[in-house]
Amino acid sequence: MVLQGAAGREAAGAILESINDTKLTALLEAALKGEDLGKLDHDVSISLVYLFWEKIQKNAAKYTKQIKNLYNVLNADIRILLVQLVYEQMIRYPNDFKDVIEEWSEWCAARIKKQQERKKGLGFAQ
C-alpha cells in the first residue's frame, strides 16, 4: 500500500467512506478518459488514487493506457502516490505492463527533465 502503517490505511479508508462511492467512481472514470475535471480537492485526489489502486489490482493491463490521464487531473502532491503505485504494479505484474514500461519510463524521465529545466529557469540550484 502506498501509505504505510495502520494510520495510513485507516486514513485512506476514512477518506473513501466520506465520499459518495458512485460520484467517486464516476469521477475516476472521467479522469481515466482524460476529461478536464478542473482543480480537484486534496482528499478527492487521494481517494481517486486509492480507488484506481483497487481497480488496477484486479486487472492492471486494462488501465495501462489511462494512467497518464489520471496523472494529469491529480493535484501535484498526489501525483507522487500514483507514480509509486504504477511502479509497484509494474514490478509485481511485469507481463501486464510489458507494453507500457518503456513508454511510462520515458514519459516520467521527460517530466523530470521539464521540471529541472523549469527550476533552472527560475534560478534554483540543481
Side-chain angles (χ1 to χ4, degrees):
M1 188 170 228
V2 177
L3 288 178
Q4 299 296 321
R9 287 190 294 276
E10 289 174 15
I15 290 169
L16 286 172
E17 288 175 11
S18 70
I19 300 172
N20 181 311
D21 287 341
T22 305
K23 289 181 182 178
L24 189 59
T25 300
L27 197 59
L28 177 62
E29 293 304 319
L32 294 178
K33 290 177 186 173
E35 295 178 17
D36 182 12
L37 303 178
K39 185 160 174 68
L40 296 175
D41 178 74
H42 181 83
D43 290 344
V44 171
S45 292
I46 291 173
S47 297
L48 288 179
V49 170
Y50 280 102
L51 186 58
F52 181 71
W53 184 75
E54 289 175 4
K55 287 180 174 286
I56 204 171
Q57 289 280 0
K58 296 173 185 170
N59 187 358
K62 180 180 176 183
Y63 294 96
T64 55
K65 300 209 183 304
Q66 300 167 323
I67 294 166
K68 291 181 206 171
N69 291 338
L70 180 58
Y71 181 94
N72 289 329
V73 302
L74 295 175
N75 297 334
D77 56 334
I78 306 303
R79 289 175 174 173
I80 295 167
L81 293 174
L82 179 63
V83 171
Q84 289 172 338
L85 163 77
V86 170
Y87 272 113
E88 179 182 323
Q89 292 301 99
M90 284 181 182
I91 291 166
R92 292 173 75 192
Y93 307 106
N95 291 335
D96 287 348
F97 285 93
K98 65 183 176 187
D99 296 334
V100 296
I101 289 175
E102 186 174 318
E103 177 186 347
W104 176 259
S105 296
E106 289 174 6
W107 183 70
C108 287
R111 294 216 35 106
I112 291 169
K113 183 177 179 181
K114 184 177 177 182
Q115 288 173 346
Q116 289 171 340
E117 289 172 356
R118 183 175 174 270
K119 287 180 181 179
K120 188 175 181 180
L122 294 172
F124 291 106
Q126 293 293 316

**Q.** Qualifying residue, where the test is side chain to side chain contact (heavy atoms under 4.5 Å, CB included) with F52 and the options are L74, L81, L82
**A.**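 Per the side chain to side chain contact (heavy atoms under 4.5 Å, CB included) rule, the option paired with F52 is L82, out of L74, L81, L82.
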Q: Have a look at V73 and tell me which of V44, L28, L27, L37 forms a side chain to side chain contact (heavy atoms under 4.5 Å, CB included) with it.
A: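 Of all the options given, the one that passes is L37.
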Q | Side chains of V49 and R79 in contact at under 4.5 Å (non-hydrogen atoms) | A |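 SC-SC contact between V49 and R79 ruled out.
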**Q.** Within-4.5 Å side-chain heavy-atom neighbours: Q66 and K55
**A.**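 They are not in contact (no side-chain heavy atoms under 4.5 Å apart), so the answer is no.
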Roughly how far, to the nearest 0.5 Å, is [atom2] of [Y] from [atom1] of [X]?
| X | Y | atom1 | atom2 | answer |
| --- | --- | --- | --- | --- |
| Q115 | K119 | CD | NZ | 6.5 Å |
| E29 | L48 | CD | CG | 10.5 Å |
| E88 | W53 | CD | CH2 | 7.0 Å |
| L70 | L85 | CG | CG | 9.0 Å |

Q. Looking only at heavy atoms, what is the nearest atom pair of N69 and L32, with distance?
A.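 Nearest pair, atom of N69 first, then L32: ND2-O, 2.8 Å.
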Q. Are the side chain of D41 and the backbone of D43 linked by a donor-acceptor contact shorter than 3.5 Å?
A.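 Flag set: sc D41 to bb D43 pair under 3.5 Å.
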